Amino acid sequence: MNILVDLYKLKDINTGLGQFSIQFAKALVSHPQFNPDHFTFLKGTEMATHLQQYKTISPAIQRRYLSFLNRGFGLWHSLHQFPSFIPDKNSKWLLTIHDLNFLIEKNPIKQKKYLGRLIKNVNRADCITCISKFTQDQLTSHLDVGNKRTEIIPNGVDLIEFPGHTPKLNVEGSKFFFSIGVFEEKKNFEVLLPMMHFFKNHLLILAGNCETSYGRKLKELIGKLRLERQVILTGTISDADKYWYLCNMDALLFPSKAEGFGIPVIEAMCCGKPVVLSSSTALPETGGTIAAYFDHFEPEHMAKIVQQHIQLFQSDPDTKSRESIQWSQRFSWKESISKYFKLYQELS
């Protein structure tokens with residue numbers, strides 16, 4: 001085998017694709033079938049320390065526009081649907097598709113543009129993997145994939161534990177809800193704010209880079225609703241801080257309107273915690289019957305669903321926590337990478 005794995009999104013390590021790339025690479029090199037002689041990584045701006053010993057090619061600007069420079073690989077694996085670099089025409093191409101969120105996020109003109117790009121990539125690919133059935137259904141309903149091989153390989157989730165860690169933000173002893181993600185419209189964080197008037201004794205901690213236009217919109221709304229003492233925007237946080245918040249929160253609240261999977265949902269379940277989600281896109285598939293769901297975003301309804309789900313956990317905490325952890329174990333990187341290795345062997 002001579003396989004190129006595109007890790008270019010490591011340059012955006014605090015995004016979902018960046019996190020997917022680093023976790024994918026860690027699981028790949030740890031797998032018993034991994035042979036460093038068979039793999040090369042297209043690196044991001046920087047490579048994680050544990051990957052520096054392996055063969056790499058640089059993301060030179062010429063490689064973006066002259067795909068023949070990317071020759072020499074039997075199989076090229078792009079870890080997301082809109083890669084900046086594509087293989088030479090003589091390489092087989094495995095394309096992983098996370099979502100078609102542009103159908104929700106973009107205006108009609110940009111939707112058409114992104115759809116055109118996706119069609120081009122799908123037509124060129126030899127095999128496609130989707131991270132959820134929802135994503136696969138979206139793909140096949142908007143594109144004609146013909147007889148092209150398409151498989152579902154869910155994300156793995158590897159939550160690193162940091163016992164004894166204390167976050168920079170001192171909220172120890174406080175009741176709080178938690179959520180995390182990129183600060184974009186699709187995350188829909190704003191619907192949580194008016195709901196907080198029903199939880200006067202709770203904080204709401206929202207983590208992620210809030211120095212965006214959507215982040216500024218949220219800050220204005222927090223001021224307008226006089227929630228400055230109740231809603232905290234932490235900015236980007238460390239994995240250690242994230243672990244502490246997940247372990248000590250009362251619930252993860254995740255009202256996103258566009259998700260191909262939803263990794264924070266499973267991370268919260270790894271900690272045996274309640275999660276309350278929007279009922280759209282891939283989230284019901286990820287959360288299953290263990291999560292609770294908002295039917296709509298009216299504040300009183302949302303508060304009622306959150307309160308009921310917390311009470312359900314409190315009624316039998318050991319059982320509910322165990323059920324949550326057991327569900328999270330379905331999403332194993334070991335299993336996901338084993339499925340990718342099977343594809344690698346079949347396609348190479």
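All values derive from a computational prediction rather than experimental measurement.
- For an aromatic pair to be called close, the ring centres must be under 6.0 Å apart, and F341 with H31 satisfies this.
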Inset, instruction - Please lay out, stage by stage, how H77 and F41 fare under the test ring-ring contact (aromatic ring centres under 6.0 Å, His included). - result: CA-CA 10 Å; H77 185 187; F41 297 112; over 10 Å; no
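- Donor-acceptor pairing under 3.5 Å is lacking for the side chains of D12 and T15.
- Once rounded to the nearest 0.5 Å, the distance linking CD1 of I104 with CG of D99 reads 8.5 Å.
- Judged by distance alone, the side chains of S256 and S278 never bring a donor and an acceptor atom under 3.5 Å apart.
- Remark: F34 engages F39, Y54 in a ring pair (Phe, Tyr, Trp, His ring centres under 6.0 Å) (not counting sequence neighbours).
- Taking the six-membered ring for Trp and the full ring otherwise, the centers of F20 and H80 sit at least 6.0 Å from each other.
- Between the NZ atom of K92 and the SG atom of C127 there is a distance of 10.0 Å, given to the nearest 0.5 Å.
- Salt-bridge formation is detected for the pair E185/K217: a Lys NZ or Arg NE/NH1/NH2 atom is positioned less than 4.0 Å from an Asp or Glu carboxylate oxygen.
- Annotation: cation-pi geometry satisfied between R117 and Y114 (NZ/CZ under 6.0 angstrom from ring centroid, within 45° of ring axis).
- For the residue pair H202/D250, the side-chain donor-acceptor check at 3.5 Å is satisfied.
- If you take CD1 on I153 and CD1 on I128, they are separated by 12.5 Å, rounding to the nearest 0.5 Å.
- Taking the six-membered ring for Trp and the full ring otherwise, the centers of F261 and H98 sit at least 6.0 Å from each other.
- Of the residues E228, E211, E190, the one that meets the salt bridge (Lys or Arg N to Asp or Glu O under 4.0 Å) test with K219 is E211.
- Between H38 and Y344, a ring centre-to-centre spacing not shorter than 6.0 Å is recorded.
- Under 3.5 Å, the side chains of W244 and T166 contain no donor-acceptor pair of N or O atoms.
- For the residue pair T135/S132, the side-chain donor-acceptor check at 3.5 Å is satisfied.
- Once rounded to the nearest 0.5 Å, the distance linking CZ of F177 with CD of Q230 reads 9.5 Å.
- Note on E267 versus K242: salt bridge recorded, some NZ/NE/NH1/NH2 to OD/OE distance being below 4.0 Å.
- Between K342 and E346, at least one side-chain N (NZ, or NE/NH1/NH2) sits under 4.0 Å from a carboxylate O, which counts as a salt bridge.
- A donor-acceptor contact closer than 3.5 angstrom is absent between the side chains of Y8 and S21.
- Between D137 and K133 a salt bridge is recorded (basic side-chain N to carboxylate O distance below 4.0 Å).
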